[in-house]
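Here's the structure we're looking at; comments come further down.
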Amino acid sequence: MSVSAIILAGGQSRRMGQDKALLTTRKGQSLLSRTVRMARLLTPSVWIVTPWPERYRRQMLSAFEFDPAFELQFVQEQLSTPPHGPLGGFAQGWEQVSSDWCVLLACDLPYLEGVVLQDWWDELRVTKDALSMASLVPSQKGWEPLCGFYHRNCLPGLHRYMLKGGRSFQGWLAGISVIPYHNVPEQMLFNCNTPQDWARVSFSDQIL
């Protein structure tokens with residue numbers, strides 16, 4: 001089984017007031033480059049989906065230019081009216097990836113841990129549920145969709161859902177087979193959305 005990483009960097013960052021992906025930790029890493037680094041611990045195949053690839057390309061290539069085995073690539077996300085949101089970015093990214101599975105990640109997960117992703121993937125590889133299309137962490141609202149694993153068999157159903165006007169991750173996930181995974185620290189799923197959020201986490205010893 002092969003796995004790639006898809007990182008979504010297409011949000012408008014309205015609540016933050018500036019581009020979240022480029023917020024820089026005290027160690028000099030942007031949130032996006034840190035997310036890429038954590039994904040790189042799992043797979044050398046990492047795809048950034050964004051409407052603005054040139055905004056990030058130079059920084060990313062500079063940060064990872066000394067890793068010749070690293071396949072960092074960009075997908076130009078096509079915006080629509082009404083907007084498709086993260087689900088649309090995911091669908092566009094998945095169309096470019098040929099691996100059996102992908103791990104989908106938001107770019108604004110400051111506490112993301114590569115070791116946790118690797119343990120999750122190791123457990124998923126020995127799972128015998130051949131009908132499963134995703135492995136996600138359950139939450140009060142349903143599932144945590146922007147930090148989880150998806151099998152490529154889910155793509156045809158995703159396209160059908162979106163062609164019918166579906167835009168909600170939760171609405172789509174309600175119709176597919178999902179393996180729940182519980183061994184993820186709650187803090188790892190924290191999204192940094194506001195200046196107050198960033199002030200709370202930017203100087204944490206856990207943010208390297």
Taking all atoms of both residues into account, what is the closest heavy-atom pair of [X] and [Y], and its distance?
| X | Y | value |
| --- | --- | --- |
| Pro51 | Ala9 | CD-O, 4.1 Å |
| Ser33 | Met60 | CB-CE, 3.6 Å |
| Pro86 | Leu8 | O-CD1, 3.6 Å |

Going from [atom1] on [X] to [atom2] on [Y], what distance comes out if it is rounded to the nearest 0.5 angstrom?
| X | Y | atom1 | atom2 | answer |
| --- | --- | --- | --- | --- |
| Glu77 | Ile48 | CD | CD1 | 12.5 Å |
| Leu117 | Arg40 | CG | CZ | 13.5 Å |
| His151 | Ile176 | NE2 | CD1 | 11.5 Å |
| Arg125 | Thr127 | CZ | OG1 | 11.0 Å |
| Met133 | Leu173 | CE | CG | 11.5 Å |
| Ile179 | Trp120 | CD1 | CH2 | 10.5 Å |

- Task: Apply the test side chain to side chain contact (heavy atoms under 4.5 Å, CB included) to residues Ile6 and Gln96: give CA-CA distance (whole Å), side-chain angles for both, the deciding distance (0.1 Å), then the verdict.
- Result: CA-CA 10 Å; Ile6 296 175; Gln96 306 301 316; over 6 Å; no
- Message: By the definition side-chain contact (heavy atoms from CB on, under 4.5 Å), identify the one residue from Leu136, Val49, Leu146 that meets it with Leu104.
- Response: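 It is Leu146; the other options fail the test.
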- Query: Taking Val36 as the fixed residue, which of Leu105, Leu31, Ile7 is the one that meets the side-chain contact (heavy atoms from CB on, under 4.5 Å) rule?
  - Reply: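 One option only clears the test, and that one is Ile7.
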- Task: Apply side chain to side chain contact (heavy atoms under 4.5 Å, CB included) to the pair Val137 and Glu186, showing each step before the final yes or no.
- Result: CA-CA 10 Å; Val137 177; Glu186 182 178 356; over 6 Å; no
- Cluster link Met1 to Val3, ILVMFWY, side chain under 4.5 Å: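 Hydrophobic grouping puts Met1 with Val3.
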- Query: Taking C-beta and beyond as the side chain, do Leu158 and Phe90 meet within less than 4.5 Å on heavy atoms?
  - Reply: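 They are in side-chain contact.
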- Query: Side-chain contact, heavy-atom cut-off 4.5 Å: Cys154 with Trp94?
  - Reply: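 Sidechains of Trp94 and Cys154: in contact.
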- Task: Would you please name every residue forming a side chain to side chain contact (heavy atoms under 4.5 Å, CB included) with Pro180, sequence neighbours left out?
- Result: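 For Pro180 the side chain to side chain contact (heavy atoms under 4.5 Å, CB included) partners, ignoring immediate neighbours, are Pro138, Trp143, His182.
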- Per the ring pair (Phe, Tyr, Trp, His ring centres under 6.0 Å) rule, which among Trp101, Tyr181, Trp121 passes with Phe149?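 Exactly one candidate clears the test, Trp121.
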Between [X] and [Y], is there a donor-acceptor pair closer than 3.5 Å when you use the side chain of the first and the backbone of the second?
| X | Y | value |
| --- | --- | --- |
| Gln92 | Gln78 | yes |
| Asp19 | Ala21 | yes |
| Ser2 | Asp100 | yes |

- Task: Determine, step by step, whether Cys192 and Tyr111 satisfy the side chain to side chain contact (heavy atoms under 4.5 Å, CB included) criterion, reporting the C-alpha distance in whole Å, the side-chain angles of both residues, the deciding distance to 0.1 Å, and the verdict.
- Result: CA-CA 10 Å; Cys192 194; Tyr111 296 108; over 6 Å; no
- Item | Verdict with reasoning, Cys147 to Leu112, per side chain to side chain contact (heavy atoms under 4.5 Å, CB included) | CA-CA 9 Å; Cys147 181; Leu112 188 66; 4.1 Å; yes
